[in-house]
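Take a look at the structure below.
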Amino acid sequence: MSNVYYQEKFEDRHNGPSSTDVEEMLNVLGVSSLDELIEQTVPAQIRRKPLNLPNALSEVAYLEKIAQIAEKNKVFKSYIGQGYFDVILPGVIQRNVFENPGWYTQYTPYQAEIAQGRLQALLNFQTVVTDFTGLEIANASLLDEATAAAEAMFMLYSARKNKAANVFLVSPNVYPQTLDVLNTRAVPFAVEIRVADANEDNLADDVFAAFLQYPAADGSVADYAAFTAAAHAKGIKVAVAADLMSLALLTPPGEWGADVVVGNSQRFGVPMGFGGPHAAFFATKEEYKRNIPGRIIGVTSDSNGEYALRMALQTREQHIRRDKASSNICTAQALLAIMASFYAVYHGPKGIQKIASRINDLAKLADKAIQALGYEQVNATYFDTLRFNVGEQAVGGIKSEALNNGLNFFYNGTVVGISIDETTTFEDIKTIVRVFAKVKGIAQDEVDLTDFVNALGSSIPAELVRTSAYLTHPNFNSYHSEHEMLRYIKSLEAKDLSLCHSMIPLGSCTMKLNATTEMVPVTWARFGGLHPFAPADQTSGYMHMINELNDWLCEITGFAKMSFQPNSGAQGEYAGLMVIDAYHKSRGEGHRNICLIPASAHGTNPASASMAGQKVVVVKTDEKGNIDVEDLRAKAIEYAANLNSLMVTYPSTHGVFEETIIEICNIIHENGGQVYMDGANMNAQVGLTSPGFIGADVCHLNLHKTFCIPHGGGGPGMGPIGVAAHLVPFLPNHKVVEISGDEGITAVSAAPFGSASILLISHAYIAMMGAEGLTAATKTAILNANYIKTRLESYYPVLYSGTNDRCAHEMILDCRGFKNFGIEVADIAKRLMDYGFHAPTVSFPVAGTLMVEPTESESKPELDRFCDALIAIRQEIAAVEAGEVEQVNNALKNAPHTAAVVTADEWDRPYSRQTAAYPLPYLKVSKFWPSVGRVNESQGDRTLICSCPPIEAYAEA
Ligand SMILES: *Cc1c(COP(=O)(O)O)cnc(C)c1O
């Protein structure tokens, strides 16, 4: 037979089990085919017709296709500014962090002992933020600058002393996308956004906080010290959006009194990527430490008394607060925060000071030279941004001449704006000046800048010149040679368990393969180098890719249209609920304000619902874990007049395809509500059923779960929403780039297409899998889960299963019974580290349990290793139960075991070193060592230390 037509299938790389593996696993399950298993698992009434998608491409063919699409993007030099700047990403960070699965495949650092590397990098990020902003405490990233501003508004609103005050005073000189998102987020609340100058006269009694930008959106730099003092005298708080790079030269807002400072850290080495992903930051005063949205990394110690890090205040996490939560942040931007922190480590304070000074000097040079041509520059003070009022006649000429030279300026009426960034050179300024000269009819060769170079003067008011030091910690002053930097990055990476080591079986999080080919285009300049507000004729490659992805996801979900604006699942929930609300309003039913949510829902559901102005009514689940349909019906009828929506996860968070789902959707519709489906479990649906088919009206997709965007240690993610036809008109619009009609809600994110550059990953995945590959993935995910279930259920009770005793793509292992003899679920999670595994999801959706989701990407040998580990642990537990082993001093309670502990001269434990570190033979082949012993959870919360401690503290430890 000829092999001339042979082509490798990507599907065979993505789906873990080989065909013989599949046979063996089916035997264990006692079924004759994969389809038989699927029939037993997925209710017949919800099975859809096969997907209609383009033929699957090989990896090579996909890279050719996407390279052609990339050609359609034009990378001009960007002087647009508006919150997005071109950067130089140091090669050592690009290759060893951004393009390195050791960093991008990690999970959120809930298991601190095997996450010390990224926890340190994130602590460095918090230190960068507190140092530059001059505030006391910072979180480990938020989604973007605009949503960070909205979080600041809500934090200050919830914490306000004068409960009668409801006005958030917003300076008109903030970015339009920030104002847009503030407006959206204020809608469901009694908060009024009042746009007025940061002027003492505007500090009325009904104002609870003021918000301004520094430098302002137009680039001017003003002194707000007096305004802030006046606000404080009236009990009004001040929040500020600031540019991190400018703060190297400007007095930090914390020093002139700001209560909150937010912004984007994109300028610290993260490409623009047509809008994202980048890490926003949030810094505030110590007094708000318990109100800060998002995650905070804190210093604590481990069981050996050594320095260790963990996520602080975890008990304050959103799923515990539920509808009392004031923020729904779950996935944030960890990977990008890590990159920004490494940028600061790489350059150090002196390097960043030089970069910021060069930016400022080049801006002054352009200012002087262009003014000398007879143009008027409006900003008397500035860091990097100039505003030329060029008049009606010149603006067209400047624009076309700039485009001829491959330059994008900012335009607003007769004003031309130029923002200088880290990539700008002396030669670039010459080019810019020539554009302005040509329009005045001045010959190009008459442009000579040398006279200006030595007479630049200052563009920053004397009282705003920064005098305080920053980045004084040794971490920012030790790794400036590339060798040192590379080794620092690698030393941190080595402390973290990622998908490079073993499966990460996190229920609800779908830690599947993030294939290299999917990642490759993300760092191409033709995708990284585009400004989100670049002219449309430069971005047609992006639009081509986004439109294709839209069509494919519509086919997969059964919906009419997607919005790619939400940049996390929780943002998608919020956006979807706001769309539903706009729909009700359009029908004169804006009073509908009841959102039904099952008791087992993810914490972001009630949090998003309350942010969208809904009242949450909890629906019971029965003893099998299914939604109690009679309770749902009773509540839907009781609240029919005001029923807004139901939020439902499918398959359920208990890992079961509920048979009643269609009936549930009907009940909601009959009572005037809309169905919001939480699509986090879409990995069990693709190709077999769909939210649209089942009867949902809206659904978000976690592209960072089902569609292969890596978790990045806690972000980035993308949470696009799909909607049925009747909701399409209400999808989010954007103030700068129009993407929706008049009825569209205002923006939910800063950028029109959210974190656009990582959409490439999902695009690649679908293109290379095709309809059959995607459907096979879903079936394999269900096979892998049921295989684990069958292997483990005689050792651990499995909570909840479907009618035929099958689970969907995940299952819950009940560990509550072990408490009787002192073993907690946390002990099992920590002991798994000694066996080389990351714990499954702990205590969600049921306390005291483990939720296991293997995904389709794990092979049978890996699944077997994982099962062997859990079975061996069960035997260790049995020994405690039988009284053969002490309850307090055993391998479970003392887990995890570090190399230092196991190789210490002294060993006085009632079990061997071999048992501690090498309990199963496969570990001899490959062993991952936790870098610290069990971290002390409560110590870290009692004394919150959220930036790098001074070096003396290390000496003490
Ligand atoms: C992950 C998850 C979410 C939240 O998504 P993020 O992208 O982290 O904001 C919501 N619901 C469920 C069931 C999830 O698993």
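One-based numbering, in listed order, for ligands and for the atoms of each. FYI, side chains are in, hydrogens and waters are out, and symmetry mates aren't considered; it's all heavy atoms of this structure.
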For ligand 1, output the ligand-protein N/O contacts shorter than 3.5 angstrom; if there are none, return none.
{"unit_1": "ligand 1", "atom_1": "5 (O)", "unit_2": "N702", "atom_2": "ND2", "d": "3.0"}
{"unit_1": "ligand 1", "atom_1": "7 (O)", "unit_2": "T331", "atom_2": "OG1", "d": "3.3"}
{"unit_1": "ligand 1", "atom_1": "7 (O)", "unit_2": "G569", "atom_2": "N", "d": "2.7"}
{"unit_1": "ligand 1", "atom_1": "7 (O)", "unit_2": "N702", "atom_2": "ND2", "d": "3.1"}
{"unit_1": "ligand 1", "atom_1": "7 (O)", "unit_2": "H704", "atom_2": "NE2", "d": "2.7"}
{"unit_1": "ligand 1", "atom_1": "8 (O)", "unit_2": "T331", "atom_2": "N", "d": "3.1"}
{"unit_1": "ligand 1", "atom_1": "8 (O)", "unit_2": "T331", "atom_2": "OG1", "d": "2.6"}
{"unit_1": "ligand 1", "atom_1": "9 (O)", "unit_2": "G569", "atom_2": "N", "d": "3.3"}
{"unit_1": "ligand 1", "atom_1": "9 (O)", "unit_2": "A570", "atom_2": "N", "d": "2.8"}
{"unit_1": "ligand 1", "atom_1": "11 (N)", "unit_2": "D678", "atom_2": "OD1", "d": "3.4"}
{"unit_1": "ligand 1", "atom_1": "11 (N)", "unit_2": "D678", "atom_2": "OD2", "d": "2.5"}
{"unit_1": "ligand 1", "atom_1": "15 (O)", "unit_2": "S508", "atom_2": "O", "d": "3.1"}
{"unit_1": "ligand 1", "atom_1": "15 (O)", "unit_2": "S508", "atom_2": "OG", "d": "2.5"}
{"unit_1": "ligand 1", "atom_1": "15 (O)", "unit_2": "K705", "atom_2": "NZ", "d": "2.8"}

On the 0 to 90° scale, with breaks at 30° and 60°, tag the F753-F274 ring pair as parallel, tilted or perpendicular.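 Taking F274 first and then F753, their aromatic rings lie parallel (interplane angle under 30°).
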Among T178, N567, N264, which residue meets the side-chain hydrogen bond (donor to acceptor under 3.5 Å, both in side chains) test with D144?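 In the set T178, N567, N264, the residue that makes a side-chain hydrogen bond (donor to acceptor under 3.5 Å, both in side chains) with D144 is N567.
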Quick one about S645 and Q674 (side-chain donor to acceptor, distance below 3.5 Å, no hydrogens or angles considered), yes or no? no
Go through the side-chain N and O atoms of H602 and T604 and say whether any donor and acceptor fall under 3.5 Å apart. yes
Can you see which heavy atom on I504 is nearest to which on M511, and at what distance? O-CB, 3.3 Å
Give the C-alpha distance, both sets of side-chain angles, the deciding distance and a yes or no for ring pair (Phe, Tyr, Trp, His ring centres under 6.0 Å) between F154 and F189. CA-CA 10 Å; F154 273 103; F189 289 86; 4.7 Å; yes
